[in-house]
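Small disclaimer: the values here were computed from a predicted structure and weren't measured.
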Amino acid sequence: MKLSVNDRIFDVTANPETPLLYVLRNDLGLVGSRFGCGSGQCGACFVLVDGRPIASCDLPVSFVENKKVTTVEGLDGRVQKALLAEQAAQCGYCMSGIAVCATALLERNKKPNEYEIREALDKNLCRCGSHGRVIRAIQRAAHE
């Protein structure tokens with residue numbers, strides 16, 4: 001099947017039921033999305049599918065055929081720069097999923113308030129507790 005990932009077309013020969021995350025990491029070498037829980041509950045594996053954040057760890061690769069997939073590697077970097085500037089990451093494991101969700105939020109809402117940011121990141125778990133810095137970073141990205 002053909003996949004559109006980060007504005008490139010890839011021929012993929014994986015089993016259609018293979019989780020998208022495995023294809024991204026193992027076949028395409030895009031390792032920014034992380035395996036966290038394996039059940040779509042933690043947000044570490046989030047990618048954009050046609051502009052919407054979705055967990056890739058339990059999503060069959062066949063679901064994204066003829067759809068546009070954007071991984072953290074394909075983002076414009078605005079959110080990542082703000083996360084770095086605010087020193088939002090401690091271990092950083094969750095940050096790719098957070099960057100993906102924050103980018104999706106800023107695409108549909110140029111100036112989100114704190115509540116809207118919290119709502120957009122509701123499915124992103126961070127064990128380190130850096131939520132306050134993450135919110136400040138997304139506010140910074142919205143203003144830049």
Write down the atom of [X], the atom of [Y], and the distance for their closest heavy-atom approach.
{"X": "Leu48", "Y": "Pro53", "result": "CD2-N, 3.7 Å"}
{"X": "Leu125", "Y": "Cys94", "result": "O-CB, 3.3 Å"}
{"X": "Lys123", "Y": "Phe46", "result": "CB-CZ, 4.0 Å"}
{"X": "Gln80", "Y": "Val72", "result": "NE2-O, 3.4 Å"}
{"X": "Ser56", "Y": "Cys45", "result": "OG-O, 2.7 Å"}
{"X": "Met95", "Y": "Ser130", "result": "CE-OG, 3.9 Å"}

Kindly say whether Gly32 contributes a backbone atom to a donor-acceptor pair with the side chain of Glu73 at under 3.5 angstrom?
yes
Using a 3.5 Å distance criterion without hydrogens, assess whether the side chain of Glu114 forms a donor-acceptor pair with backbone atoms of Gln139.
no
Test of understanding: clusters of I, L, V, M, F, W, Y form through side-chain heavy atoms closer than 4.5 Å, transitively. Do Ile98 and Val79 belong to the same one?
yes
Inter-residue atom distance [X].[atom1] - [Y].[atom2], 0.5 Å rounding:
{"X": "Glu116", "Y": "Leu105", "atom1": "CD", "atom2": "CG", "result": "7.0 Å"}
{"X": "Ile117", "Y": "Asn109", "atom1": "CD1", "atom2": "CG", "result": "8.5 Å"}
{"X": "Arg136", "Y": "Leu83", "atom1": "CZ", "atom2": "CG", "result": "11.5 Å"}
{"X": "Cys42", "Y": "Phe35", "atom1": "SG", "atom2": "CZ", "result": "8.5 Å"}
{"X": "Glu119", "Y": "Asn113", "atom1": "CD", "atom2": "CG", "result": "9.0 Å"}
{"X": "Thr70", "Y": "Asp7", "atom1": "OG1", "atom2": "CG", "result": "6.5 Å"}

Transitive ILVMFWY cluster of Leu28 at side-chain heavy atoms under 4.5 Å: who else is in it?
Met1, Leu3, Val5, Phe10, Val12, Leu20, Val23, Leu24, Leu30, Val47, Val49, Ile54, Leu59, Val61, Phe63, Val64, Val69
Using side-chain heavy atoms (C-beta onward) and a distance below 4.5 Å, is Cys57 in contact with Pro19?
no
Looking at Lys68 and Asp50, is there a salt bridge between them, counting it only when a charged N and a carboxylate O are closer than 4.0 Å?
no
Option among Arg133, Gln90, His131 that satisfies the side chain to side chain contact (heavy atoms under 4.5 Å, CB included) test with Cys126
His131
